[in-house]
> 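A single structure is presented below for examination.
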Protein chains: 2
Amino acid sequence: MVSIKDIARKAGVSISTVSYALNGNPKVTPETSARIRAIAKEMNYIPNGAARQLKKRESRIIGAFLTDFTGAFYGDLLQGMKEVLNRKGYDLIVCSGLQSHRLLPERMIDGAIILDSAFSDEELLDYADRGHRLVVLDRELNHPAVNQVLLDNKAGANLAMDYLIETGHRRLYIVAGPSDSFDARQRMGAVRQTLDRHPELEATVLEGDFNQGSGEAAGRLILEQWQGPAGVFCLNDEMAIGLFNAVSASDSGIRVGEELSLVGFDNIALTRYIQPRLATIEYSKYRWGAMASEQLLRMIAGEEVEHERIYVSLVESGSVKDRR
Amino acid sequence: MVSIKDIARKAGVSISTVSYALNGNPKVTPETSARIRAIAKEMNYIPNGAARQLKKRESRIIGAFLTDFTGAFYGDLLQGMKEVLNRKGYDLIVCSGLQSHRLLPERMIDGAIILDSAFSDEELLDYADRGHRLVVLDRELNHPAVNQVLLDNKAGANLAMDYLIETGHRRLYIVAGPSDSFDARQRMGAVRQTLDRHPELEATVLEGDFNQGSGEAAGRLILEQWQGPAGVFCLNDEMAIGLFNAVSASDSGIRVGEELSLVGFDNIALTRYIQPRLATIEYSKYRWGAMASEQLLRMIAGEEVEHERIYVSLVESGSVKDRR
DNA sequence: TTGTATGCGTTATCAC
DNA sequence: GTGATAACGCATACAA
């Protein structure tokens, strides 16, 4: 491995001169600088990251922590993070799993974006206390070193519920999400508020875990105890797709967009592949990721930042029938 | 930041004793060791990754490089990589984009798994010459420090073509892939061989880029010049889905699984969401990733490794009609 | 068993 | 303008 020491020897100068030349310090004359650069290139020199990091106390690497790697879901989100970071000379690495948590306290990364329920609040607060900068996308956490960029889940759930109610649905089913998901809890909270305001509605809450399987199960359950036209709000699109499949595959004759109206949440790519297209709650995942990166870089730069919110909107579609 | 120096001071011992104790070196007595560990824990000590890496010349981090983050495609692949690595005490980080290439030559990672056409062969060979260990999933590259774990694309393409031919299709369309994709080139090579062996077939090759849009375009083209029942082999599932959508959306009356038979490649999750289910070429993405990690770790351990091949199989389905 | 000393490759502060 | 030299935090050969 070739180091600045080797270059210094070959160039007949000291290592500090090499360091200056390579880092563009104007103290060194253009001639020596050029000569040193030429030699460095010729020797295929590449600086050692660990050494520089040890000295400069920064790696210019940001870590994004996800619960798992599955899913079309994360593509745009990560792309948004990456583009902002790259523009500022930072790199993004994506991590998953308990083992990788070490990267943060060991200071291999300059900050982290968290969308991973495998982190406990305590763990994150501990890191924050150590001076690490964090942006959380999946929880509320108040600490000067932690910034929140959260989805406006309540507004989304309200949009979905109002859509079903305003199109004349009185019998409703809600397919819930896992209790360890912040988004699921927030969406469910808004649903319950809406239901409280509308005692005339006949509503049933079914369990769900944000995966397709639970949507299918919910779909079968609804068909079994079918009592006539109904509206279903699945707290995410995955489950809505599962429910759609279960209903379509049944021999009940009941069809989504006719007797059964269906709304999801997230606007994943799959929503376009079912007939009729799935009504859902939409937001820019790219923007979510980009915002997270921006906030993190601001914190690293020492700026004060406020929590941010990602706004959502309703995508109307044929999966909801107007019964008025 | 608390370092072993601080611990040493507080414990009244030297830094080497602290280092020994923390690393479980049996030279230090159980009592002092326990005392030092207690103090370390109390002080919330966490070793500095950069310092250790600089000294030990390893990070126990492996990088997976992908062309982009989009896609359900990568979930299982990355999961396979991660589980194998974690079991051996390594961590996986996922990277994308030109900027992140630096992580390898700067020695932030102990090795890399490449599925990213943004790397040129020359660049990879340069890294290999520097002593970095690589596993490539998307090209043939012969170098002692580079191992190949490649899909058996030829077998897959043969399976797909034979399936169409054996079910009695004489008019064939092939939707090709991008020329910068190794998999696409290999699949196409096998297709051409098959066509050479069957001069009685009437075959047309259409352009494609592995994205849905090009599949749709190909679908529309086929419908425009429709000459009766035909079989279509799309070199990947994404394009097959696009083609399926274009045909389904048209008012031609032609249906997939009837007049038009369709086969894809990859067996992505989406293949189950169309009616009829898409016939395709299947392989275990999990196993592909796991194998890549295993090979890389073997190389890092200094073992000799042979190139590996991931075998594929045919998924028959209603999207291909038996015309015999 | 514990301590001393050195070096990993870099940056940066001082002299000269 | 250039060159010694001292850190950064850790691991380890060797001395005590």
Side-chain angles (χ1 to χ4, degrees), chain A residues 1-37 39-40 43-61 102-110 130-132, chain B residues 1-37 39-40 43-61 102-110 130-132:
Chain A
M1 179 176 169
V2 34
S3 73
I4 54 171
K5 203 183 286 183
D6 303 311
I7 301 176
R9 190 167 22 239
K10 190 152 190 171
V13 297
S14 77
I15 58 163
S16 32
T17 307
V18 175
S19 181
Y20 287 140
L22 262 29
N23 290 313
N25 190 312
K27 292 202 295 187
V28 60
T29 58
E31 296 84 55
T32 37
S33 178
R35 197 164 55 87
I36 290 173
R37 284 164 185 282
I39 294 179
M43 297 180 82
N44 271 316
Y45 168 75
I46 297 214
N48 180 301
R52 188 180 358 163
Q53 188 176 332
L54 179 60
K55 188 66 190 172
K56 300 198 59 166
R57 302 166 149 280
E58 68 165 18
S59 61
R60 297 193 81 81
I61 300 173
R102 71 173 172 102
L103 298 179
L104 191 56
E106 288 184 2
R107 309 190 102 82
M108 300 296 293
I109 55 182
D110 293 347
R130 296 177 121 86
H132 300 285
Chain B
M1 180 176 167
V2 34
S3 74
I4 54 172
K5 203 184 286 181
D6 304 310
I7 300 176
R9 191 168 21 239
K10 189 151 190 171
V13 298
S14 78
I15 59 163
S16 43
T17 307
V18 175
S19 181
Y20 287 141
L22 261 29
N23 290 315
N25 190 312
K27 293 201 292 187
V28 59
T29 59
E31 297 85 54
T32 38
S33 178
R35 196 163 57 85
I36 290 172
R37 285 164 184 282
I39 294 179
M43 297 180 80
N44 271 316
Y45 170 74
I46 297 213
N48 180 301
R52 188 174 5 153
Q53 188 178 332
L54 179 60
K55 186 68 192 174
K56 300 197 59 167
R57 301 164 148 283
E58 67 166 17
S59 62
R60 296 193 82 81
I61 299 173
R102 71 172 172 103
L103 297 179
L104 191 56
E106 288 184 1
R107 308 192 102 83
M108 300 296 293
I109 56 182
D110 293 347
R130 296 178 123 85
H132 300 284

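This is a predicted model, so every value here is computed, not measured.
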> Could you give the distance from CD (A/E31) to CZ (A/R35), rounded to the nearest 0.5 Å?
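Going from the CD atom of A/E31 to the CZ atom of A/R35 covers 10.0 Å.
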> Once you round to the nearest 0.5 Å, how far does OG1 of B/T17 lie from CG of B/L22?
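It comes to 11.0 Å.
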> Establish whether the base of C/dG7 is bridged to the side chain of B/K55 by a donor-acceptor pair shorter than 3.5 Å.
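Donor-acceptor pair under 3.5 Å: yes.
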> Rounded to the nearest 0.5 Å, how far apart are CG of A/L103 and CD1 of B/I61?
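These two atoms lie 5.0 Å from each other.
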> Given atom CG of A/D6 and atom P of C/dG9, what is their separation to the nearest angstrom?
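Taking atom P of C/dG9 as the reference, CG of A/D6 is at 8 Å.
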> OP1 or OP2 of D/dA11 less than 4.0 angstrom from a side-chain nitrogen or oxygen of B/S19, does that happen here?
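Yes, because at least one side-chain N or O of B/S19 sits under 4.0 Å from OP1 or OP2 of D/dA11.
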> B/R35 has an atom CZ; how far is it from atom C1' of C/dT1, in whole Å?
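Spelled out: CZ on B/R35 to C1' on C/dT1 is 13 Å.
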> Return the 5'-most residue of the pair B/K27, B/R52 with respect to DNA chain D, ranking by each residue's nearest nucleotide.
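This one resolves to B/R52.
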> Quickly work out the B/I4 CD1 to D/dA11 P distance and round it to whole Å.
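Roughly 6 Å, once rounded to whole Å.
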> Mind checking the CD1-CZ spacing from B/I4 to B/R9? Nearest 0.5 Å is all I need.
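If I round to the nearest 0.5 Å, the distance is 11.5 Å.
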> Between the side chain of A/Q53 and the main-chain N/O of A/R107, is any donor-acceptor distance below 3.5 Å?
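Looks like yes, one N/O pair under 3.5 Å.
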> B/S19 and B/S16: side chain to side chain donor-acceptor pair (under 3.5 Å), yes or no, with the steps?
CA-CA 5 Å; B/S19 181; B/S16 43; over 6 Å; no
> By the 4.0 Å heavy-atom rule, please label A/N23 as base, sugar-phosphate, or nothing.
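Touches sugar-phosphate only.
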> Could you work out which one of C/dG9, D/dT5, C/dG3 sits closest to the side chain of B/L54?
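Closest of the options to the side chain of B/L54: C/dG9.
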> Closer than 4.0 Å, any side-chain N/O of A/S14 to the OP1 or OP2 of D/dG3?
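Yes, because at least one side-chain N or O of A/S14 sits under 4.0 Å from OP1 or OP2 of D/dG3.
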> For the pair made of CE in A/M1 and C1' in C/dG9, what is the distance, rounded to whole Å?
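Computing the A/M1:CE to C/dG9:C1' distance gives 7 Å.
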> Would you indicate, yes or no, if C/dG9 has its OP1 or OP2 atom less than 4.0 angstrom from a side-chain nitrogen or oxygen of B/R107?
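No, because none of the side-chain N or O atoms of B/R107 sits under 4.0 Å from OP1 or OP2 of C/dG9.
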> Does B/T32 make a side-chain N or O approach to OP1 or OP2 of C/dT2 shorter than 4.0 Å?
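The answer is yes; a side-chain N or O of B/T32 sits under 4.0 Å from OP1 or OP2.
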> Let me know the distance between CD of A/Q53 and C1' of C/dA12, rounded to the nearest Å.
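After rounding, the reported distance stands at 18 Å.
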> Rounding to a whole Å, what distance do you find between A/R9:CZ and D/dA4:P?
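Distance check: A/R9 CZ to D/dA4 P gives 13 Å.
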> Between D/dC8 and B/K5, is there an OP1 or OP2 to side-chain N/O distance shorter than 4.0 Å?
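It does, given that an N or O in the side chain of B/K5 lies less than 4.0 Å from OP1 or OP2 of D/dC8.
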> Once you apply a heavy-atom cut-off of 4.0 Å, does A/T29 come out as touching a base, just sugar-phosphate, or nothing?
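A/T29: backbone/sugar contact only, no base atoms under 4.0 Å.
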> What nucleic acid atoms does A/S3 come within less than 4.0 Å of, heavy atoms only: base, sugar-phosphate, or nothing?
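Counting heavy atoms under 4.0 Å across all strands, the contact made by A/S3 is with sugar-phosphate only.
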> When rounded to the nearest 0.5 angstrom, what is the spacing between CZ in A/R102 and CZ in B/R60?
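Atom-to-atom, A/R102:CZ and B/R60:CZ are 8.5 Å apart.
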> Please report the distance, rounded to the nearest Å, between CD in A/E58 and C1' in C/dT11.
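From A/E58 CD to C/dT11 C1': 12 Å.
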> Hey, does the side-chain of A/Y20 have a donor or acceptor N/O within less than 3.5 Å of a partner on the base of C/dT13?
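Answer yes: a donor N or O sits under 3.5 Å from an acceptor.
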> Rounding to an integer number of Å, can you tell me how far B/E106 CD sits from C/dT11 P?
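The answer, rounded to whole Å, is 10 Å.
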> Say whether, by atom type as modelled, one donor and one acceptor occur between the side chain of A/N23 and the main chain of A/N25 under 3.5 angstrom.
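Checked: no pair found.
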> So how far off straight is the helix from C/dT1-D/dA16 to C/dC16-D/dG1, going by the axes through five pairs at either end, to 10°?
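Axis angle across the helix from C/dT1-D/dA16 to C/dC16-D/dG1, nearest 10°: 50°.
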> Relative to the 5' end of DNA chain C, which residue comes earlier, B/R57 or B/T17, by the nucleotide with the nearest heavy atom?
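By nearest-heavy-atom nucleotide position, the 5'-most residue is B/T17.
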